[in-house]
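Here the structure is a predicted model, which means the values were calculated and not measured. Keep in mind that the numbers below use all heavy atoms, side chains included, and drop hydrogens, waters and symmetry copies.
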Amino acid sequence: SIAKKMWHSSGMMVNMIEIKNDFKETFDPSIKPNDVNNLTSEQMVEIVKNCGIVGLGGSGFPTYVKYSSNCKIDTIIVNAVECEPYLTTDYVSLKQHPEVLIRGIQYAMKMTGAEHATICIKKDKVEAIELLKEHLVPGVTIFPVEDVYPAGWEKYLVQRVTNKTYRTLPSEVGALVNNVATLIAIASAIETNLPLVEKMVTFTGKGLAHPQNVWVKIGTLASDVIHAIGGYAEGIDAASFVVGGLMTGRTLLFDNVVINRCLGGIIVLPKERQAPALPCMGCGKCTEICPVFLSPILIKNAVDKKDKDLMIALKADKCMMCGLCSYICPSRVELTEATTKARETVLKR
């Protein structure tokens, strides 16, 4: 293997390790079935750690850290809401492997000692809900939510399920949240020691000839996957190449980006001519729509002035990067990018 710089979904060139492929698909001897009935909760957490399982909902947060908390966990919350437009990986994974998801939930309950788990899913996903009901085990229930954005926000789900709020982490109120893909990865790791080497990614948008969900090895070039599934749609001269979700993702000018552990979707849309941004008209819509009650335009002004103290005073670290402020702005001011920068600045400080 050799080190080389490749494009990351953040839009930056980062150092990566290129592994020579022998195309034999041979597993390492360490990947073999475990006697899960005789594994302690501590051993399970260690397996999750060694297999490199991270939050596959986009955060990339090391999963074992959540299960190493000293806080008492009463409830495992399964985030199956997937409220980002276009993205459907969790929904498809749930329908394809409901029994594996349930086993992952049971392992999560054992690792934390939680007696209850609930699967939060949009109430209009009737087929998936009926399928889940066939596989439910004692202690696991279904919690339908409305089809609104951002219903999949972690803090919103915790508040709905527990009727409590928290300051920093869900563990403060006895909850632990994982999405569907993460729990399926946990099940595979605990049962077979399989590291996080592949994931499902949504390749979609009118700019693709055959949009679909694809199981892909982590480290694969997005351009190679697009070529393998039929390439770009005919007549597409220019396109917006969005990595991540439509609301929270980032638009890049190239498609040779590496699929990393946190990347859940590639959206290709025909590029439309957009009018330039106008000065803020003071309508207040960005403040009205903000789920965490921030003032995005004031935060942007603080970013423009590089006033870190003001960013702190405006609580920019509370930004959930949902993208609603940019979406609603009639002047087309890029607020999300500014609030995200402010959030990172405050958290670093």
Asker: Tell me whether Thr112 contacts the main-chain N or O of Ala114 through its side chain, where contact means a donor paired with an acceptor under 3.5 Å.
Answerer: yes
Asker: Please answer: with hydrophobic residues joined when any side-chain heavy atoms are less than 4.5 Å apart, are Leu194 and Leu196 in the same cluster?
Answerer: no
Asker: Check which hydrophobic residues are tied to Tyr149 through side-chain heavy-atom contacts below 4.5 Å, counting indirect links as well, and list them.
Answerer: Met247, Ile289, Leu324, Tyr327, Ile328
Asker: Other members of the hydrophobic cluster containing Leu208, with the 4.5 Å side-chain heavy-atom rule, please.
Answerer: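 Same cluster as Leu208: Trp7, Met13, Val201, Phe203, Val214, Val216, Val225, Ile226, Ile229, Tyr232, Phe241, Val243, Leu252, Leu253, Phe254, Val257, Ile259, Leu263, Ile266, Val268.
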Asker: What do the steps show when you test Val333 against Ser326 for side chain to side chain contact (heavy atoms under 4.5 Å, CB included), and what is the final call?
Answerer: CA-CA 6 Å; Val333 178; Ser326 291; over 6 Å; no
Asker: Test your reading of the model: is there a side-chain donor-acceptor pair from Thr182 to the backbone of Gly55, 3.5 Å cut-off?
Answerer: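 No; zero donor-acceptor contacts below 3.5 Å.
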Asker: Using a strict cut-off of less than 4.0 Å between a Lys/Arg side-chain nitrogen and an Asp/Glu carboxylate oxygen, indicate whether Glu99 and Arg103 qualify as a salt bridge.
Answerer: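 Arg103 and Glu99: not salt-bridged.
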Asker: Using atom types as modelled and distance alone, determine if a side-chain donor or acceptor of Lys66 lies under 3.5 Å from a backbone N or O of Asn178.
Answerer: no
Asker: Return yes if some donor-acceptor pair links the side-chain N/O of Glu134 with the main-chain N/O of Leu132 below 3.5 Å, else return no.
Answerer: no
Asker: Below 4.0 angstrom, N of the basic side chain to O of the carboxylate: do Glu130 and Lys133 qualify?
Answerer: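 Judged by the 4.0 Å cut-off on N to carboxylate O distance, Glu130 and Lys133 do form a salt bridge.
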Asker: So, the side chain of Thr220 versus the backbone of Lys217: is there a donor-acceptor pair under 3.5 Å, distance only?
Answerer: yes
Asker: Each residue besides Met321 in its hydrophobic cluster should be listed here, by chain and number; the cluster joins Ile, Leu, Val, Met, Phe, Trp and Tyr at side-chain heavy-atom distances under 4.5 Å.
Answerer: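 In the cluster with Met321 there is nothing else; it is isolated.
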Asker: How does the hydrophobic cluster around Trp215 look, that is, which other residues are in it when side-chain heavy atoms under 4.5 Å mark a link?
Answerer: Val92, Met200
Asker: For Lys95, is there an ion pair with Asp90 - N to carboxylate O distance below 4.0 angstrom?
Answerer: no
Asker: Does the side chain of Asn34 come under 3.5 Å of the side chain of Thr192 through a donor N or O and an acceptor N or O?
Answerer: no
Asker: Do Thr88 and Glu82 have a side chain donor and acceptor closer than 3.5 Å?
Answerer: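 Not at all, the side chains of Thr88 and Glu82 share no donor-acceptor pair under 3.5 Å.
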Asker: If you measure from NZ on Lys206 to OG on Ser240, what distance do you get to the nearest 0.5 Å?
Answerer: 13.0 Å
Asker: To the nearest 0.5 Å, what is the distance between CG (Leu335) and CD (Glu337)?
Answerer: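 Leu335 CG to Glu337 CD: 10.5 Å, rounded to 0.5 Å.
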Asker: Does a side chain donor of either Asn213 or Thr202 reach within less than 3.5 Å of an acceptor in the other side chain?
Answerer: yes
Asker: Do NZ/NE/NH1/NH2 and the carboxylate oxygens of Lys72 and Asp74 come within less than 4.0 Å?
Answerer: yes
Asker: Give a yes-or-no answer on whether the side chains of Tyr107 and Glu191 include a donor-acceptor pair shorter than 3.5 Å.
Answerer: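 Distance-only check passes for Tyr107 and Glu191.
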Asker: Hey, mind stepping through Val180 and Val78 against side chain to side chain contact (heavy atoms under 4.5 Å, CB included) and telling me if it holds?
Answerer: CA-CA 6 Å; Val180 171; Val78 183; 4.3 Å; yes
Asker: With rounding to the nearest 0.5 Å, note down the distance linking CG in Asp304 to NZ in Lys341.
Answerer: 9.0 Å
Asker: How about Pro291 and Cys322: do any of their side-chain heavy atoms sit closer than 4.5 Å?
Answerer: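 When only atoms from C-beta onward are counted, Cys322 and Pro291 do touch, with a gap below 4.5 Å.
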Asker: For Asn37, check side-chain hydrogen bond (donor to acceptor under 3.5 Å, both in side chains) against everything at least two apart and list the hits.
Answerer: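 Expected list: none.
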Asker: If you take all heavy atoms of Cys83 and Ala151, which pair is closest and at what distance?
Answerer: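 Closest pair (atom of Cys83, atom of Ala151, distance): SG-N, 3.8 Å.
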Asker: Let me check something: do Tyr64 and Val54 share a hydrophobic cluster, defined by ILVMFWY side-chain heavy atoms less than 4.5 Å apart, either directly or through other members?
Answerer: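 Result: yes, single cluster for both.
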Asker: Hey, is the main chain of Ile297 close enough, under 3.5 Å, to the side chain of Ser295 for a donor-acceptor pair?
Answerer: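 No: the side chain of Ser295 does not pair with the backbone of Ile297.
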Asker: Calculate, to the nearest 0.5 Å, the distance between atoms CG and CG belonging to Leu94 and Leu183 respectively.
Answerer: 10.5 Å
Asker: Please output the side-chain donor-acceptor pairs of residues 135-143 that fall under 3.5 Å, not counting sequence neighbours, one pair per line with the distance.
Answerer:
from, atom 1, to, atom 2, distance (Å)
His135, ND1, Leu131, O, 3.0
Thr141, OG1, His116, NE2, 3.3
Thr141, OG1, Thr118, OG1, 3.4

Asker: Test Lys122 against Glu146 for salt bridge (Lys or Arg N to Asp or Glu O under 4.0 Å), laying out the working first.
Answerer: CA-CA 6 Å; Lys122 291 179 182 177; Glu146 298 292 335; over 6 Å; no
